[in-house]
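Each remark here refers to the structure printed beneath this line.
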Amino acid sequence: MNRLTQLALSDEGFVFDPLTGESFTVNPTGLTILRGLKADRSLESIGREISDQFEALPEETERDITDFIHHLRTYHLL
Amino acid sequence: MKKSYEKPIILKLQTGFMNKYGSTPYYSRKTRSEIDGVPIDTLVTKFGSPLMVFSESSIRRTYNEVFRAFSTRYPSVTFGWSYKTNYLKAICSIFHQEGALAEVVSEMEYEKARKLGIPGKNIIFNGPHKPFEILKRAASENSMIHIDHFDELMELEQISQQLHKPVKVGLRLNMETGIHPQWSRFGFNLDTGQALDAVKRMKHGGKLILNGLHCHLGTFILDPQAYAEAIKKMVAFAYEIETHFGFKMEYLDIGGGFPSQNKLKSSYLPPELTILPLDEYAAKITNALYENLRPGDYPRLIIETGRALVDESGYMITTVITSKRLPDGRKAYVVDGGINLLFTSFWYKFNLEIDREVPGVNEPAVVYGPLCMNIDAIDEGTLLPSLPRGARLIVSPIGAYNVTQWMQFIEYRPNVVLIGQQGELDIIREREDLTDIDRREKLPPRLAYK
Ligand SMILES: Cc1ncc(COP(=O)(O)O)c(C=O)c1O
């Protein structure tokens with residue numbers, strides 16, 4: 001089971017995990033990824049959304065999304 | 001219009017992670033786009049990365065500040081540049097131009113000083129290993145030899161006989177001054193009477209003339225009072241020698257050991273809060289001289305400060321090769337210069353500066369060097385914003401003990417550049433290549449690869 005679906009996300013990047021009571025902060029790009037993952041979208045489509053909204057190279061975002069996902073795993077959010 | 005991009009990041013909120021000034025550490029960071037007005041980018045484009053950089057202005061400024069702290073308080077002060085701290089020719093030459101003697105502790109260092117043109121009389125020769133031939137050369141060139149042990153004392157008597165002249169010598173002392181560990185393995189112990197025995201022996205032998213006392217209490221000495229203790233004991237001993245043996249001490253050499261503005265790993269507080277200004281050391285030391293010397297007696301005060309004169313003038317520029325996420329959630333960066341070049345990383349927590357503004361909050365990070373060795377970590381716990389590949393991290397202060405104790409291990413050692421006072425950029429040590437490593441090796445023909 002992944003905790004991600006239960007997370008409460010605010011527009012300001014405040015993240016609350018009701019299961020553990022832990023809270024996190026994410027920046028705007030991180031928030032876009034979290035929302036995408038919650039909605040069960042593919043990494044490619046999340047990547048496209050980021051490239052559309054932000055000035056970023058697709059290779060860079062791909063690498064950064066992978067890193068972000070590793071980070072979610074270390075927090076056991078995924 | 002698209003928004004500017006910031007690498008995605010998530011941080012767990014922890015209570016108690018605020019510092020005592022109330023601001024969050026997640027936004028504070030240091031950037032450095034230049035050294036002495038020369039852009040980091042220019043330095044790397046011209047000389048490559050990693051790169052060691054020294055500032056001539058900073059060395060001269062520091063030397064003059066420290067020199068004045070003493071010379072405005074005591075009439076006869078001389079510094080001896082501790083070669084082992086940094087014996088690149090250009091660096092030694094700056095100190096010699098400023099008026100420092102050479103303080104050497106081996107045959108190699110003695111030869112290096114002579115090759116730079118320093119006359120023997122301006123060389124202080126310390127250390128436990130002075131092979132006979134170099135000791136003899138030093139004696140014939142009238143250098144200031146500080147005897148470390150009885151065998152050396154006896155060899156010097158022999159040398160005096162061979163040279164048909166009395167040899168002037170100093171005596172290295174060690175003593176209790178409240179500093180631990182006590183560097184008692186060098187020289188003769190004052191508290192147990194060993195030093196007195198050495199003087200008796202010299203008097204009895206009739207070949208050596210004792211004219212100076214030397215001690216070096218240790219390094220990174222945080223309490224200036226230790227120097228005051230040492231001076232009290234040295235002056236008392238000097239007068240005892242004069243009264244009983246007729247040797248007059250022309251100088252007192254108190255060694256090195258002043259701390260630099262570097263953060264010891266063992267220290268929680270930043271150096272600004274733990275390290276007293278060197279002015280306070282100068283005040284304590286010169287007060288101790290006036291309290292203990294006879295009125296009108298001003299033996300020359302010699303100081304062999306190494307670290308405190310050069311550490312802050314040196315930087316290492318590194319480049320981020322890659323980053324990865326560690327299983328514990330920390331971000332790890334690999335940069336192209338590591339502990340192979342930074343021997344002092346074993347006890348210092350360096351200042352890390354980024355060459356550019358990087359948007360976003362900081363996250364806990366580790367900075368590794370390029371070696372394929374687990375121990376190669378420059379910083380095992382810091383806060384950095386998400387750095388892109390190719391960003392430069394500038395490590396400082398690294399001017400003391402690194403360009404002498406660095407290792408040729410796995411990687412080539414990089415260029416070392418000096419920024420002159422007029423902005424001149426000179427390579428003072430060239431990047432190594434395979435010929436440097438190959439030159440001293442011999443391959444027996446039977447082992448040649450066919
Ligand atoms: C005899 C002697 N003098 C001077 C120094 C320089 O010490 P520092 O760099 O701590 O000032 C040393 C360093 O070990 C030393 O052994």
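The chains referred to below are lettered A, B, ... by the order of the sequence lines, with proteins before strands, and numbering in each begins at 1.
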query = Nearest heavy-atom pair of B:L13 and A:F14: which atoms, and what distance?
reply =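 Residues B:L13 and A:F14, closest heavy atoms: CD1-CE1, 3.5 Å.
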message = Quick check on A:L31 against chain B: is it the side chain, the backbone, both or neither that has a heavy atom closer than 4.5 Å?
response = neither
task = Determine which pairs satisfy ring-ring contact (aromatic ring centres under 6.0 Å, His included) with at least one residue from residues 360-408 of chain B, sequence neighbours left out, and list them in order.
result = none
To see if you've got the definition right, give the donor-acceptor pairs under 3.5 angstrom between chain B and chain A.
residue : atom : partner : partner atom : Å
B:K2    : NZ   : A:S51   : O            : 2.8
B:K3    : N    : A:Q53   : O            : 2.9
B:K3    : O    : A:E55   : N            : 2.8
B:Y5    : OH   : A:D64   : OD2          : 2.7
B:E6    : O    : A:T29   : OG1          : 2.7
B:E6    : OE1  : A:N27   : ND2          : 2.9
B:K7    : O    : A:N27   : ND2          : 2.7
B:K7    : NZ   : A:E60   : OE2          : 3.3
B:K7    : NZ   : A:D64   : OD1          : 3.1
B:K7    : NZ   : A:D64   : OD2          : 3.1
B:I9    : N    : A:N27   : OD1          : 3.0
B:I9    : O    : A:N27   : N            : 3.4
B:L11   : N    : A:T25   : O            : 2.9
B:L11   : O    : A:T25   : N            : 2.8
B:K12   : N    : A:Y75   : OH           : 3.3
B:K12   : NZ   : A:E22   : OE2          : 3.0
B:L13   : N    : A:S23   : O            : 2.8
B:S323  : O    : A:R63   : NH2          : 3.0
B:R325  : NE   : A:D67   : OD1          : 3.3
B:R325  : NH1  : A:H71   : ND1          : 3.1
B:R325  : NH1  : A:H71   : NE2          : 3.4
B:R325  : NH2  : A:D67   : OD2          : 2.8
B:R325  : NH2  : A:H71   : ND1          : 3.3
B:G329  : O    : A:H71   : NE2          : 3.1
B:K331  : NZ   : A:D67   : OD2          : 3.1

key: Within 6.0 angstrom of B:E424 CD, more than 12 heavy atoms from elsewhere   =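 It does: B:E424 CD has more than 12 such atoms within range.
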B:Q408, CD atom: more than 12 neighbouring heavy atoms under 6.0 Å = yes
query = Side chains of A:L77 and B:I10: does their closest heavy-atom pair fall under 4.5 Å?
reply =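 A side-chain contact under 4.5 Å exists here.
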